[in-house]
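Here's the structure, in structure tokens; my notes come after.
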Amino acid sequence: MSTKPSQSETETETDTEPATTGHQQRRLDDKRARADDRDEAAAQAETEFDGETVELKVFRYDPEIAGKEEPRFDTFTVPFETGMTVLDALIFARDSYDSSLTFRHSCRQAVCGSDAFFVNGSQRLGCQTQIEDLEWPVRVEPLPHSDVVKDLVVEMDHFYDQMESVDPFFDPDDLPDGELEEQRQSRQNRENIKLSTRCIWCGACMSSCNIAAGDNKYLGPAAINKAYRFYMDDREGSEKRQERLEIIEQEHGVWRCQTQFSCTDVCPKDIPLTEHIQELKREAVKENLKFW
Amino acid sequence: MYEHDVIVVGGGGAGLRAAIAAQEEGADVAIVTKLHPVRSHTGAAEGGINAALRDGDSWEDHAYDTMKGSDYLGDAPAIDTFAKTAPDEVIQLEHWGMPFSREDDGRVSQRPFGGLSFPRTTYAGAETGHHMLHTLYEQVVKRGIEVYDEWYVSELAVTDEDNPNDRECHGVVAWDVQSGEIAGFKASDSVILATGGIGQAFDHTTNAVANTGDGVAMAYRAGVPVEDMEMIQFHPTTLPSTGVLISEGVRGEGGILYNGEGERFMFEHGYATNDGELASRDVVSRAELTEINEGRGVDDEHIYLDMRHLGEERITDRLENILHLAEDFEGVNGLEEPMPVKPGQHYAMGGIETNEFGETCVSGLYAAGECACVSLHGANRLGGNALPELIVFGALAGRHAAGKEMADPLIETGPSDALEHDELSVPTGAPDGDAGVAEPATDGGAQGAVDTRAPTDVVADTATTEEERIEALLGREDGVNHADVRADLQQSMTENVNVFRTEDGLKQALADIQDARKRYQDVYVADKSRTFNTDLQHTIETRNLLDVAEMITIGALARDEFRGAHWRKEHQERKDDEWLKHTMVSWNDGDPDLWYRPVLLEGHDDTYEPKTRSY
Ligand SMILES: Cc1cc2nc3c(=O)[nH]c(=O)nc-3n(C[C@H](O)[C@H](O)[C@H](O)COP(=O)(O)OP(=O)(O)OC[C@H]3O[C@@H](n4cnc5c(N)ncnc54)[C@H](O)[C@@H]3O)c2cc1C
Ligand code: SF4
Ligand code: FES
């Protein structure tokens, strides 16, 4: 089955500001605005716990288990602590109430990219999302536009296939042959690729992208960004550069992007994905002019 | 049954490097991993990779620093091999495109790190491990190496001779987490374990949720001895609420530790009057806890790490991700406030006993990376020495496993009657009828008997046993939730097997582990689905954690001295007369055996003389 966002799922607090404004600032503003609503919700939450509690509404589905074959939402009431993340709350719910609650997670620190979920209507990493910053109750769903395997776990194979289709590996023309000789790279060049190398393969961008939803073959923001990472690296070999440009220029490549910035908005690593796609479009034009 | 020449269990830095090396030797390699490779915890490493690359530095100095850091519990042949090979391996990463931080002349940057006599730590921003992991995975993709991702390896297929030195490993049994399929994986040449850390044995750790010591526990139950398990490194700067690590790089760049009274205690209270904040991790961790225990902490819980004086430009240039970590996981702005930090479990120096080529005493079974103990780090690992270990010993294990001819190893492995044995004073090991453990594969045939089964049968039999074990767990309708057992275990370990260790505390931990083992006999898996059953997976991981916690504690109780990361209240001095030896624990079919192997201080070119470790 697939999780196409329903009407109610798209009415969210997400903003429509252009992505060029600082993410950090926006997060802080949202945080302040939501703090008030939250206090109200919390006051109402009547429970068996002494302290504050938060309600989680979690998407459930299991193709094999009676009662879960039809997707449903389960509500878990979790004692709130300052600093608690969505992932912490899910772990609490699983370990205390229902050990069959299933979600991927590992590092707990936004580096493994396992726990991108659809939280209150936008793609976020569970471990990087403070409960305090959200409207309560908190709704957690699997990433939209992906096949759901079970509960919050989605099929990632398509994402991996797209990532691997851009030849995501370094391929220089030649290497220095002196003993312990590294290739030289200017600080500036490293700086240029720095943000693009931060991708953790979480799939949030792909899930947020309307184009990817409509065109299954679209490479998607993460794969194009991966290509950017090598294309812009001065150490890259010239032949491979050309090949890579051809890959991203194809029918389902960079030209599909309609600069909606949804990917840039959700990327937990603040990678300027849309900008990178635009830059590659410019590179493609430049290269094509050369051959005219 | 799946079949390959070399099967690598784990897709972190060590596993990926091993797979590439084995493939380059011509082997058909497969990586079987419970996480997709890029999700491995190598990606969390921040600080850097040590290698002697420059004029003025030498592998000998790197080796010397490593031996001194190990508090003379490292084996010289391992340390020498490591320090000699690390430079080539780091340059190899650069040639594979790793985005290292650079100097003005375009060369790879190096910075100072704790315990190093030369600034030899290469790095890529504050995300060194992420870049290393992705660079290696890129090469795996380039070579088309097969990856079975989200396959959980639950047992090794090993013959059942009485003496572990006579056993052979023919493969592994794994199940596909997504579909529930259970399958044997036959390895015509060898199996390489690269399953990473054991941090989940503790409740405050920098390690991932997946770091459950599966490889260590599987090898142990197959008869391979584990070495120096008591040597657990606690990192001095972890965020109090999550255990997220604030890299030593902050102190390398000049970050300062203050106690609750605003004193720069590393100097002012005389813990390390030369190196201060850059003293080795155990020294800093104990200093912090001493401050906290003596009432000079903040909220009796943590101390402060301050980097504000470095200035915004330098911080954003070199330590930008620290700002994000402090903000996202502790709600603190590192440019404006000092960051609260405290010690947390971080790294296991000990592990599966191997020689310098990653070989264990069971033929065809290798281990590399954090799960292994080639005995590089001894009693204490220097910051920036684990990542190069992954690539140095990952590559050596990969080549050797694929059949490359190499010199005879200098490090011996396997239990031996000729070595010193000891008695355990408290009960340990498996309670009768230990539920959920597949043993028959190694459950002792008659004395001296040879297992004559064909390799394929060994794998098939192990798969059958595993299927039965899983059926039993799923079949039970009621019982104990593994999460409760795990939580109690973690708490006892953090309380009793911490940076301060007492005889009573350690005995308490062993009693708690016995208790946990008994409760584990009644575990059940509530989720009956075959699809992505993490309940089942975590239940089996908890069983592994019980074994791991026990080996750590047995070693800690045995070693009545203070060496490196291991500190005993009743024995606060290093006892070189008695303890220049490794603690070894063998599972011995459920009745753990404790023994010792002398440290090798004689290296390829030189003999190391134990000196006082002062910083
Ligand atoms: C926060 C942090 C920061 C660090 N910083 C540094 C640093 O700056 N410099 C440094 O030198 N060291 C550092 N270290 C230490 C170093 O990162 C680790 O020791 C190292 O990355 C471990 O690598 P590995 O390949 O052994 O294991 P991992 O990267 O943890 O990989 C283990 C692999 O095994 C697989 N696996 C585990 N169990 C199973 C199973 N049952 N079945 C199938 N697959 C399985 C997992 O899926 C994973 O792919 C740091 C460690 C941490 C936690
Ligand atoms: S680009 Fe950002 S959102 Fe997309 S996969 Fe990478 S880290 Fe995730
Ligand atoms: S758990 Fe690793 S990114 Fe969230």
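Numbered from 1 within each chain, the chains take letters A, B, ... in sequence-line order. Quick caveat, the model's predicted, so the values are computed rather than measured.
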Between B:E127 and chain A, with a heavy-atom cut-off of 4.5 Å, which part of the residue counts as in contact: side chain, backbone, both or neither? side chain
side-chain contact (heavy atoms from CB on, under 4.5 Å) between B:E150 and A:R104, intermediate numbers included: CA-CA 11 Å; B:E150 299 193 325; A:R104 289 192 182 95; 2.7 Å; yes
Can you say whether B:Y137 sits under 4.5 Å from chain A via the side chain, the backbone, both, or neither, judging by heavy atoms? side chain
Working to the nearest 0.5 angstrom, can you tell me the gap between B:F532 CZ and A:L152 CG? 11.0 Å
Structural part of B:E46 lying under 4.5 Å from a heavy atom of chain A: side chain
Under 4.5 Å to a heavy atom of chain B? For A:M84 that would be neither
Comparing A:C107, A:P172, A:P63 against chain B, the one with the most heavy-atom pairs below 4.5 Å turns out to be A:C107
Gap separating the NE2 atom of B:H36 from the SG atom of A:C112, nearest 0.5 angstrom: 12.0 Å
Taking every non-hydrogen pair under 4.5 Å, which of A:E164, A:R198, A:E191 racks up the most with chain B? A:R198
For the interface with chain B, which of A:I200, A:D233, A:I193, A:D167 has the highest count of heavy-atom pairs at distances below 4.5 Å? A:I200
Which distance, rounded to the nearest 0.5 Å, do you find between the CG of A:L101 and the CG of B:D535? 10.5 Å
Restricting to non-hydrogen atoms, name the atom on B:A210 and the atom on A:S106 that form the minimum distance, rounded to 0.1 Å. CB-OG, 3.4 Å
Can you tell me which portion of B:A208 sits under 4.5 Å from chain A's heavy atoms? Options are side chain, backbone, both or neither. both
Under 4.5 Å to a heavy atom of chain B? For A:K68 that would be neither
Any chance CD of A:E181 has more than 12 other-residue heavy atoms, nucleotides or ligands included, within less than 6.0 Å? yes
Under 4.5 Å from a heavy atom of chain B, the part of A:D62 involved: side chain
Specify which of B:R39, B:E138, B:E330 makes the most heavy-atom pairs with chain A at under 4.5 Å. B:R39
Is chain B contacted by the side chain of A:P176, its backbone, both, or neither, given a heavy-atom distance below 4.5 Å? both
CD (A:E81) with more than 12 external heavy atoms under 6.0 Å: no
Top of B:D104, B:V90, B:L35 for chain A proximity - count of heavy-atom pairs under 4.5 angstrom: B:D104
A:R229 versus chain B, the contacting section by heavy-atom distance below 4.5 Å: side chain
Which portion of B:E89 sits near chain A, non-hydrogen atoms under 4.5 angstrom: neither
Derivation and outcome, side-chain contact (heavy atoms from CB on, under 4.5 Å), residues A:D171 and B:K142: CA-CA 9 Å; A:D171 202 351; B:K142 184 176 183 179; 3.9 Å; yes
Select one option (side chain, backbone, both, neither) describing which atoms of A:V149 are under 4.5 Å from chain B's heavy atoms. both
Between B:Q139 (side chain) and A:F169 (backbone), is there a donor-acceptor pair under 3.5 Å? no
Chain B: which of A:R235, A:E179, A:R94 shares the most heavy-atom pairs with it under 4.5 Å? A:R235
Flag the one option from B:S241, B:S109, B:P99, B:A487 with the top tally of heavy-atom pairs under 4.5 Å to chain A. B:P99
Okay, side chain of A:R108, backbone of B:V244: is any donor-acceptor separation there less than 3.5 Å? no
Quick test of your reading of the model: are B:R54 and A:E182 salt-bridged, counting only N-O distances below 4.0 Å? yes
Between A:R187 (side chain only) and B:R102 (backbone N and O only), is there a donor and an acceptor less than 3.5 Å apart? yes
Output for pair (B:T242 OG1, A:L87 CG), nearest 0.5 Å, gives 11.0 Å
At a heavy-atom distance under 4.5 Å, which candidate from B:H131, B:H538, B:H41, B:H130 has the highest pair count against chain A? B:H130
Pick whichever of A:C127, A:G113, A:S186 has the most heavy-atom pairs under 4.5 Å with chain B. A:G113
Mind ranking B:L53, B:V209, B:N481 by heavy-atom pairs under 4.5 Å with chain A and telling me who comes out on top? B:V209
Taking all heavy atoms of B:F100 and all of A:Q185, pick out the closest pair and write down the distance. O-OE1, 4.4 Å
Using non-hydrogen atoms only, which part of A:E64 is less than 4.5 Å away from chain B: side chain, backbone, both, or neither? side chain
If one checks every heavy atom of A:L180 against chain B at 4.5 Å, the contacting part turns out to be both
Under 4.5 Å between any side-chain heavy atoms of A:E155 and B:Q178, yes or no? yes
Looking at A:K150 and B:D527, is any side-chain nitrogen of the basic one under 4.0 Å from a carboxylate oxygen of the acidic one? yes
Look at the aromatic rings of A:W201 and B:H134 and report parallel, tilted or perpendicular, splitting at 30° and 60°. tilted
Among the listed options B:S40, B:S101, B:G129, B:A124, the residue most often paired with chain A at heavy-atom distances under 4.5 Å: B:S101
Where does B:R530 contact chain A at under 4.5 Å (heavy atoms): side chain, backbone, both or neither? both
Quick check on B:E312: does its CD atom have over 12 non-hydrogen neighbours (other residues, nucleotides or ligands) under 6.0 Å away? no
Mind listing the closest non-hydrogen atom pair of A:K194 and B:D317 along with its distance? NZ-O, 4.5 Å
Rounded to the nearest 0.5 Å, what's the gap from CG on A:D95 to CZ on B:R486? Could you check? 8.0 Å
Distance (rounded to the nearest 0.5 Å) between A:Q128 CD and B:F329 CZ: 5.5 Å
